[in-house]
Amino acid sequence: MHSRRPIERVIADPRSSDSLKARLRLVQDAREFAVTDLGLPNNRSYRSYSDLERPFVVWNVVAAPEFSITPLHWCFPFTGCISYRGYFHEQAARGFAARLASRGNDTLVAGVTAYSTLGHFADPVLNTMLRYGDNDMVATLFHELAHQLIYVPGDSQFSESFAMTVEEEGLRRWLTARGRSQELQAILARHQAEQMIVKGFGEGRSQLATLYAQSMPIDQKRQRKQEILKATGEQVLALEREYQLPLYDLWINAGLNNAHLASIGTYYDCVPGFQRLLDAEGGDLSAFYAAVRKMRKDVAARRALCRSSQSTPD
């Protein structure tokens with residue numbers, strides 16, 4: 001926050017590189033599109049820039065018990081209970097993960113390029129958000145603004161899946177509005193491939209949930225768990241090769257665990273339900289947002305939407 005500079009000032013600065021200026025102009029265009037075409041908040045967020053001089057803004061720790069696909073939760077003001085815990089220093093995140101692992105939990109530490117303060121502060125565009133391609137950067141902007149629009153404290157799965165849905169729909173409309181049909185077709189094909197890969201993880205989670213509900217000797221359960229995780233990883237790698245989309249190979253090569261599968265569930269499990277809701281509203285984003293807002297205090301409705309999405313248990 002302290003290093004924020006207005007984007008206009010960064011662009012006007014002769015010390016700024018041409019590539020940085022071009023990307024920030026793109027941010028400005030996407031920021032206006034988010035307001036005018038997507039109905040996302042029109043506020044001071046993402047109108048300034050900060051260079052953190054590091055690759056990620058935070059490192060998230062995800063953890064799940066040895067025999068559970070349900071992630072651990074940590075509770076904070078404003079956000080409520082969430083299924084990950086963020087650290088500004090990688091060493092601190094890995095230290096916390098190591099302590100959780102010593103208690104028998106499966107853990108994951110993942111670098112994160114952006115997060116939202118939910119509208120409480122004027123979030124800046126970060127250098128970490130620029131590390132990937134233009135479309136990914138624009139999608140991230142839409143995702144974080146979606147959190148400012150609708151966020152349910154204590155329900156990470158619902159909130160993250162909503163933001164993922166807005167991100168994907170927003171990018172589709174962004175490319176359509178600019179007549180970039182070839183890029184759009186490539187993005188749609190990528191989303192379909194991602195859905196198949198996520199489904200592969202979901203099948204593994206379903207098998208693990210069935211296993212963990214059974215009564216059997218611990219050693220036998222551990223062996224069966226590793227067999228399922230290995231088979232899940234092999235299935236996902238095969239899908240990645242088929243679609244030429246290496247997304248999770250680092251996870252798999254390092255050894256999948258419950259925390260990896262729980263993290264996938266947090267971000268993707270409810271997305272098909274949100275997509276069907278958007279379709280039911282005829283693609284009208286205002287009506288879609290209104291329908292989602294009605295669910296904020298209705299736990300049963302939120303769970304029903306997510307259950308309609310899932311081929312695996314929660």
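This one's a predicted model, so the numbers in the text were calculated from it and none came from an experiment.
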Side chains of Q157 and R303: is there a donor and an acceptor less than 3.5 Å apart? yes

For A97, which residues count as a side-chain contact (heavy atoms from CB on, under 4.5 Å) partner, sequence neighbours excluded? V61, T107, V109

Please find out if less than 6.0 Å separates the ring center of W174 from that of F33. yes

Under the side-chain contact (heavy atoms from CB on, under 4.5 Å) test, residues paired with D13 that sit two or more places apart: R5, R15, S16

F158 and F274: aromatic ring centres closer than 6.0 Å? yes

Counting only heavy atoms from other residues, nucleotides and ligands, does the tally under 6.0 Å from OH of Y115 exceed 12? no

Set of side-chain contact (heavy atoms from CB on, under 4.5 Å) partners for I218, sequence neighbours left out: F67, R222

For M1, which fellow cluster members are found when Ile, Leu, Val, Met, Phe, Trp and Tyr are connected by side-chain heavy-atom distances below 4.5 angstrom, either directly or through intermediates? F121

Looking at residues at least two apart in the chain, or sitting in another chain, which of them share a side-chain contact (heavy atoms from CB on, under 4.5 Å) with S215? none

Atom of P124, atom of R4 and distance for their closest heavy-atom approach: CB-CG, 3.5 Å

For L130 and M137, the nearest pair of non-hydrogen atoms, with its separation, is CD2-SD, 3.0 Å

Where is the tightest heavy-atom contact between D123 and L118, given as atom of each residue plus distance? OD2-N, 4.4 Å

Check the surroundings of atom CD in Q214: do more than 12 heavy atoms from other residues, nucleotides or ligands lie under 6.0 Å from it? yes

Do E160 and Y84 meet the criterion of a side-chain donor-acceptor pair at a distance under 3.5 Å? yes

Could you name each residue pair satisfying salt bridge (Lys or Arg N to Asp or Glu O under 4.0 Å) that touches residues 134-144, not counting sequence neighbours? R23-D134

Minimum-distance pair of heavy atoms, taken over all atoms of F288 and F162: CE2-CE1, 3.7 Å

Heavy-atom nearest pair, G200 first then T232, reads O-CG2, 3.9 Å

